[in-house]
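So that the names make sense, note that chain A is the first sequence line, chain B the second, and so on, each numbered from 1.
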Amino acid sequence: MDGTLFFQTLVDGLILGGIFSLSAVGFSLIFGVLGIVNLAHGIFVLLGAYLGLALKQTMGIDPLAAIPIVCAALFVLGALLQLTLVAGAVRRSSLMSSLLITFGASLILRDAVILVFGPDVQFLSSAWLVDTFHIGDVIVDGARATGLIASLLLLGLLSLALYHLKVGRAMRATAQQDFAAGLCGIDARRIYAVTFGISAAFAGASGIIIGLINPFSPFDDTYWTLNAFVTVVLGGVGSPVGALLGGLLLGEISTFSSQYVGSLYSNVFIFSALLLMLIVRPNGLLGNAYKGSV
Amino acid sequence: MNGLVVDSVHFAYGGARALEGVSFQVAPGEVVALLGSNGAGKTTTAKVTAGALAPAVGSVTFEGQAVSGLPAHRVMRRGIVLVPEGRQVFAQMTIQENLLMGAYKERRRARVKELLERSYETFPRLRERRSQIAGSLSGGEQQMLAIARGLMSEPRLLIMDEPSLGIMPKLVQEIFGLIRRIAGTGVSVLLIEQNARASLEVASRAYVLEKGRIILEGEGRALLEDEFVQNAYLGAEN
Ligand SMILES: Nc1ncnc2c1ncn2[C@@H]1O[C@H](COP(=O)(O)OP(=O)(O)OP(=O)(O)O)[C@@H](O)[C@H]1O
Ligand SMILES: [Mg+2]
């Protein structure tokens, strides 16, 4: 086996995995805290990319500098979506109705994107990105390296917030025992809205990074929802570290199977890994961060 | 009256009636026991009082203000704190984090520190194990933690729903001793218990709930001697 090719594949997988992790962490958070599968997650990711595009086109803001603005906007959007549409589904604690509602929301948002930006493929570019560079014989693209670093940084921040801020503690408490959390003075509705907001904000940040690396179109949302789902099954629910592990695993499986078997077959490997994980560790590598069911 | 006044509360789960006109009072600083067999409606009464359930009819008043209709997270800010049946600690969080959740409403950091210190003085075992996750504690220790978490909220009325359920006798004694001490600090206690003898000994007054109705009330000592109570709730022990 060619050593350089192996390392190149490894690095590519790492970078792809970092992006998967960041794009999936919000999905994981919502599943962990609210117990619902948010089918609108992929569209949150795309909205990040499109918002970055709009900010660049209308105000000339560099996409990397736009990340905080995009996060703030998506936080508001996510929280509003929860308070208006999803709250009803959660109150009835029906998985089916939450699936229908979030799927419906994703269709509406996708059509809104098409209406505003058209159905064509778009790109993001940043003047701040360094060119391609080499580590030994391995070629690293500047945008991709920046993406990986940003992913790790943001995941680290989220982890700090969850484990060291009062609101993070309240989120974890609500995830574990919503009734007791209420008795402690926590307004679960507010925590649910905040969770949705944070989830959408992180999805939006990942959307910018994805847009800098790959072209995107309004129809990619199902791809990102599916990836988030796979990442969570592989890594475990609710924690940024779980999302990181799951994402990296997914990234490596994708790149290695594409490189050594053929890109047509990477889904075969991904879903085999998924099946294997469901059989061996049904709650993923790290289990559920809130339920302790490993 | 200044303490808790529950006035002819009705509650039904869907169509199933659970409370049919429950009325009782807890005066400031008083320990009141609420007895009743399984399914009598004790937990439902506790939940309605703490705001976790809204009564269909009737009212809950605390310190002269109506609290019925408020959600639990607002009722607790009025001073009524429920230590729920089955403990419900946050199993994947550390003991210290569990305690901090009890002080969630408190914005002053210095006060949170004081409360934490007070908890650890009352429950030295929790201090030793403060960075372990709560799920690693024994059932009795989890009950202590649930009570400590409730006290972190600085209640003026503490409702305890079956604190001795499934706990070994030595710890049960400790819990009843603790209830005495809590009452000694001026906090009113509404004690829901299966252990009728021990609760009638700590309580100044008691109510007996059956099928959603209060069927008997009286002084704790007097009920201990009551023939009906002896047959129904103390029978096995006599
Ligand atoms: N969530 C619920 N849905 C439907 N019925 C309920 C629910 N919770 C309680 N009940 C019913 O309401 C009645 C009162 O229940 P409750 O839990 O208040 O009794 P309890 O006195 O606390 O009993 P225990 O000693 O077993 O804890 C029972 O008939 C019970 O079956
Ligand atoms: Mg009960």
- prompt: Where the side chain of B/S23 meets the backbone of B/S8, is there a donor-acceptor pair that is under 3.5 Å apart?
  reply: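 Present.
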
Test: B/E106 and B/R108 ion pair at under 4.0 Å: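 Yes, B/E106 and B/R108 are salt-bridged.
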
field: SB check B/R127 B/E117 (cutoff 4.0 Å)
entry: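 Yes, this pair counts.
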
field: Per-residue contact mode, A/A170 against chain B (heavy atom under 4.5 angstrom)
entry: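 Interface part for A/A170: both.
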
query: Looking at B/R77, B/R87, B/R74, which one has more heavy-atom pairs under 4.5 Å with chain A than the rest?
result: B/R77

task: Give the member of B/K105, B/H73, B/M101 that has the highest number of heavy-atom pairs under 4.5 Å with chain A.
output: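 Option with the greatest count: B/H73.
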
message: Does B/R125 qualify as a cation-pi partner of B/Y120, given the criterion of NZ or CZ under 6.0 Å from the six-membered ring centre and within 45 degrees of its axis?
response: no

field: Residue part contacting chain A, namely of B/V89, when any heavy atom lies under 4.5 Å
entry: backbone

